[in-house]
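Read through the structure below, which is laid out as C-alpha cells, and then see the notes.
Just follow the structure's listing: the first ligand is 1, and inside any ligand the first atom is 1. Numbers here simply count residues along the sequence, with the first being 1.
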Amino acid sequence: EKGGYEHFMLKEIYEQPRSILDSMRGRLVAESSHLMMSGVREYENKLANADRIIIVACGTSWHAGLVAEYLIEDLARIPVEVEYASEFRYRNPIITEKDIVIAISQSGETADTLAAIELAKSKGATIFGICNVVGSSIARATDAGAYTHAGPEIGVASTKAFTAQVTVLTLIAMILGSKRGTLETTKLHQLMAELESIPAKVEKALELNDQIVKISELFKDATNFLYLGRGYNFPVALEGALKLKEISYIHAEGYPAAEMKHGPIALIDEQMPVVVIATKDSSYEKIVSNVQEVKARKGKVIAIVTEGDKTIPSMADYVIEIPETSEHLMPLLSVIPLQLLSYHIAVMRGCNVDQPRNLAKSVTVE
Ligand code: M6R
C-alpha cells in the first residue's frame, strides 16, 4: 500500500502534484476565470463582510493558517489572527457573533482545535472548517467548510495535507479578494493561471530529490538546525524546522529571518547549518543581507532559491533551485525540498519516519 515507496511519508510527498490538483479541481477554472467552492458560496457574503477572521489550528495546520493570514490580508484586506487552538481556548478570548473562525485540521480530531471551535460557537461566531478527513468531528462541528482532497495521510509528519490546506486557503483568499474588490481581475486571472501551473512545478521540485540526498548526507549528524524565511516563506521556515525535529529528532528552530539578530544569531558558528528560504519575492533584498550575516559568522548556508538566481548562490554553501512562481504561491513549492531534507536525514539516522517516537497522527488528548 506504500505504492513502491519505502515509507508512507515519501509516498505522500510524491503525491503532492496530484493532491494539490485534487484540492483545486472543480474549484478553479482558469479559462473561464471561475472560482467555485460550494462550501464557501453559502457563507461567501458573511466571510467577505467579516470585520476580522480568526484562524485556529495546531502544528502544521497552524503553519498553513499563517500562510493564510498573509494571503487573506494581502488579497482580501480582512484582518486575520492566527491562534494556537490550545492558547485561544484557555485565555478568555474576545469573540462575537460578527467573527468568523476558520479551523484547520487534517485529521479533524485534534482535541484543542475542536474545543476552540466549541468555545467560539458558544459565543455566536460562524465557524468554517478546512479538514481532510471526511465526516470527522471537526468537519461535523463547523457551520460550513471545504475539504482538502489530499487523500488519506498516514505518515505522522504532515506533508500533502499542508500543501492541500494552503491550496484551499489560497482559493478562499482569492474568492474573498475578488468579492471585496481588493483583488483586481487581471491579478486574479494571473494568480489563477499560476495556481494551475503549480502541480507541474511541484513535480519539478521533486526532481531535486537526488541533490537533497547528497546534502542530507553532509548534515545528518548535525545536532542543531536553524530555518529562516521572510514573508510568505516565514511559515515555511517554521514548517521545515518542525518536520526535521519530529522525524529526525534533531533540534531545529524556525525564525523570521529578521529576528535572527534579536537572539538566535548568537548560536551561529561554523557548525551551524542554516536553511534559508530565499526565493525571489518582495523580501529578497532583505534576505540577501541575512545570508551575509550568517556567512560572516561562518554558518553553513543551505539556500532555497528561485531558478536562475545568481546573488544568493554566490554566497551560500549549498543551493537548491526551485521553479519561479508568484510569492503568494511560493510556500507550495518552497516546502517541498524541506520535506525531502527532513525525510532523508531521518532515514539516514535510522529513525522510524512514519511513526516517530512520542507522536500520534491525531492528538485527541488536550
Ligand atoms: O490533524 P491536525 O491537522 O489537526 O493535526 C495538527 C497537528 O497535530 C499536526 O499538524 C502535527 O503537528 C503534525 N505531526 C505535523 O507534522
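- With hydrogens and angles ignored, the 3.5 Å screen pairs no side-chain donor or acceptor of Gln106 with any backbone N or O of Val133.
- When only non-hydrogen protein atoms are considered, atom 5 (O) of ligand 1 lies nearest to Thr110 OG1, 3.5 Å.
- For ligand 1, the atoms lying closer than 4.0 Å to a non-hydrogen atom of Val156 are 13 (C), 14 (N), 16 (O).
- Residue contact check: Ser61 has heavy atoms under 4.0 Å from atoms 2 (P), 3 (O), 10 (O) of ligand 1.
- Close contacts between ligand 1 and Ala157 involve ligand atoms 16 (O) [criterion: under 4.0 Å to a heavy atom].
- For atom 16 (O) of ligand 1, the nearest protein heavy atom (residue, atom name, distance) is Glu246 OE2, 2.3 Å.
- Side-chain N or O atoms of Lys243 include one that pairs as donor or acceptor with a backbone N or O of Ser158 at under 3.5 Å.
- Between Lys201 and Glu194, at least one side-chain nitrogen of the basic residue sits less than 4.0 Å from a carboxylate oxygen of the acidic one, meeting the salt-bridge criterion.
- For atom 8 (O) of ligand 1, the closest non-hydrogen atom on the protein side is Val363 CG2, 3.9 Å.
- Distance from atom 9 (C) of ligand 1 to its nearest protein heavy atom, with residue and atom name: Thr60 N, 4.0 Å.
- Considering backbone and side-chain atoms together, Thr113 places no N or O closer than 3.5 Å to any N or O of ligand 1.
- The aromatic rings of Phe219 and Tyr318 sit perpendicular to each other, their planes meeting at more than 60°, with 30° as the lower class boundary.
- Rounding to the nearest 0.5 Å gives a distance of 5.5 Å between CG of Leu47 and CZ of Phe128.
- With values rounded to the nearest 0.5 angstrom, Leu338 atom CG is found 9.0 Å from Asn233 atom CG.
- The residue Glu109 has no part lying near ligand 1, judged by heavy-atom distances below 4.0 Å.
- Using a 4.0 angstrom heavy-atom cutoff, Leu359 does not count as in contact with ligand 1.
- Of the charged side-chain nitrogens involved, none lies within less than 4.0 Å of a carboxylate oxygen, so that Arg52 and Glu73 do not count as a salt-bridged pair.
- Considering only non-hydrogen protein atoms, atom 6 (C) of ligand 1 sits nearest to Cys58 O, 3.3 Å.
- Atom OG1 in Thr167 sits 10.5 Å away from atom CG in Asp22 (nearest 0.5 Å).
- Between Lys243 and ligand 1, at least one N/O pair is under 3.5 Å apart.
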